[in-house]
Amino acid sequence: MSQAAETVDRPWLDADAQPFIKIRGMTKRFGDFTAVDNVDLDIYKGELFSLLGGSGCGKSTLLRMMAGFESPTAGTVHIDGTLMNEIPAYERPVNMMFQSYALFPHMTVAKNVAYGLVRDGLGKSEVTKRVDEMLDMVELGDFSKRKPHQLSGGQQQRVALARALVKRPKVLLLDEPLGALDKRLREQTQFELMNLQEELGVTFVVVTHDQEEAMTLSTRIAVMDQGKFMQIGTPTEIYETPDSRHVASFIGSTNIFQGFVVENKPDHVLVQSRRDDSLFYIDHGLDVQENAKVWVAIRPEKIRLSKTPPKKAGPNQLSGIVQDIGYLGRMSTYKVKLTNDKIVEITHPNQVRPKSGEHLADWEEKVYLSWEPTSAVVLTK
Amino acid sequence: MEDTASQPSTRLQQLGRTLQSSWRSVVVGLPFFWLLLFFLIPFAIVLKISFAESLIASPPFSTLLQWGEDGALNLRILFDNFKFLAEDELYLNTYLNSLKVALISTIWCLLIGYPIAYAIVRSDPATKNVLLMLIILPFWTSFLLRVYAWMGLLADQGTINSFLIWLGIIDEPIRLLYSQFAVYIGIVYSYLPFMILPLYANMEKLDMSLHEAASDLGAKPITTFLTVTLPLTLPGIVAGSLLVFIPATGEYVIPDLLGGGNVLMIGNVLFNEFNSNHDWPVASAVAIVLLIVLVAPMMLYQRMQSRESAAH
């Protein structure tokens, strides 16, 4: 693939691309509490961008500042080249889907969806046409005369989505869009959302605390903590090459070992564990001094587990006793206690049906762990 | 046939159940009995008197049921009192004036109370309790005392006039007391909490994100108010308005003390018929008509509401 073709799908890699939403120096304080702390963010046209973080990390406040419900203490928001700071919520070219859906309880589904169009002063026939189109799109055509409380949670969610999309906003803001749905419906709706976004080409900004949801949906994710971005990147980047312990442990689960750099070459780093002599060989260079304190993160699914010792000793090898086995159906997790008492988590897919109660390794069994040089990441913070 | 003696526990349970159900009927029955004794029976008596004839006797009205000389039971129902009410313009005008005063007072209470209730709902929890307390606080002093206090404020030599003269805005006292204006002040002041509290209870349930949703969809604040806030607070508006309108229509103390006989309301007419004219039958008829005037729209409203909730 050529460089040009690559940047069509990934505009953030293109230095010349103009961001669609441009946030600079954005800060929001509530009294002594700083909800959003001097953040910069570029979101490009057609992206499905997720703000991911725990509760109170500032993600919702940031979204509400884009919508115009909160005014920033400092900083600017540009949407499609226009400064938004002084523009009230009802004049911004964005629409929001609320976490509680905020459907008007006294209006029918059709009236709810039509609300924004009527405010724009559209003619009656045009409003009816677009409402019908939109309701058909979210497969609620037969429910247009119902009131919101006569619908299921999933149907209410689709009404909220239809109401926000019917105005053809430049940006759709979604606050925990799938939070109120049960797991199966959530997974199904995730894909519907993605298809819809692709079809309409509207830029989506999603706030979520659910890392799986963010991973599935997003073109890019911003991991937030205490009002700041920890890391911004594609789901793969965030998962495979987290740049801090916080991101590594927030996204999925991970094993973190503390150590110091014993060898630092352009193509690899050798890290020695602080607790014992075990060595970690990682196949990427690092911009740190030798002897610097670093952390090595290895995902549970990237560790091999074996009952037989490796043929020759070397780095990226550990051994311990199986302390706990969790059978999760499609995979099992093993908690292995190392000789230095540290617990390491390993997950292993259950590719074949285990015979009754038989596992890869048994409780209290001695096992050997190993992994590839490409599997681990060195973190400096 | 089962041996009941061998199952003492079942019998105990049965006894318990009987006691429980009889306890339940006591709990429900007691207020019913209370209402029967002190509301329905007095009402029946008033209704009876309204069909009687005024007499100079004790009691000052004729009886409906009488043993005739031929030993038959005679029932004498007279509609003269109601006819009298319909024919004398005084009564019709007083009814209309009462309804007018009550209606205008209700509208003022709504206009003042709605923003107050909204502000209380939107304030932070600590302030909210203080503000609610302030709304309820006047009830801790006697209603009569508060009306008298208004007399002191509104009188020719009262606080307000003295203050305005001291400021130099007016040279001589303006007439505040014993006017329609004073009656409105008194009613709106006294009944404002009855408007605010049901409105508050209704608005407290209002999801504030609905306002944001309306704004987000392009509604200016005034449009949001008209299309979202107002329809959703309508039950509170109706409840508060009824709580103000109904007692205000029959109000006696405020027009008497602050209106000083210049403002004729049905409560005053009733009082005069009863105490000054000693015409109990006409007074009863006045009360019955008032009840019908007030109950009819309320029943209509309830029918409407139950139909609406049935549609949901």
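Atom set for the values below is all heavy atoms of this structure, side chains included, hydrogens, waters and symmetry mates excluded.
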#### Entry: For chain A, the option from B/L217, B/T227, B/V228 that forms the most heavy-atom pairs under 4.5 Å
B/L217

### Summary
Note: vs chain B, highest number of non-hydrogen pairs under 4.5 angstrom among A/R92, A/M97, A/M96 is A/M96

### Region of A/M107 that comes under 4.5 Å of a non-hydrogen atom in chain B
side chain

### Task
Please determine, by modelled atom types, if B/T224 and A/Y90 share a side-chain donor-acceptor pair under 3.5 angstrom.
no

### Proximal component of A/L173, with respect to chain B [non-hydrogen, under 4.5 Å]
neither

#### Entry: Residues of residues 105-125 of chain B with any heavy atom under 4.5 Å of a heavy atom in chain A
none

### Query
Which bit of A/R163 is near chain B, if near means a heavy-atom gap under 4.5 Å: side chain, backbone, both or neither?
both

#### Entry: For the student: nearest non-hydrogen atoms of A/P105 and B/L210, plus distance
CD-CD1, 3.7 Å

### Message
Just checking B/F39: does its CZ atom have more than 12 heavy atoms from other residues, nucleotides or ligands closer to it than 6.0 angstrom?
### Response
no

### Query
Who in residues 202-209 of chain B is close to chain A, using a strict under-4.5 Å heavy-atom cut-off?
B/D207, B/S209

### Message
Which residues in residues 181-201 of chain B have any heavy atom closer than 4.5 Å to a heavy atom of chain A?
### Response
none

### Message
Quick check on B/F32: does its CZ atom have over 12 non-hydrogen neighbours (other residues, nucleotides or ligands) under 6.0 Å away?
### Response
no

#### Entry: Contacting moiety of A/F104, where chain B heavy atoms sit under 4.5 Å
both

### Summary
In short, A/V94 meets B/D216 closest at the heavy-atom pair O-OD1, 3.7 Å

### Whether over 12 other heavy atoms sit under 6.0 Å from B/K128 NZ
yes

## Note on the structure
When every non-hydrogen atom of A/Y115 is compared with those of B/A219, the smallest separation belongs to OH-CB, 3.6 Å

### Task
Answer yes or no: are there more than 12 heavy-atom neighbours, outside A/Q226 itself, under 6.0 Å from its atom CD?
no

### Query
Is any residue of residues 229-255 of chain B within less than 4.5 Å of chain A by heavy atoms, and which ones?
B/P231, B/L232

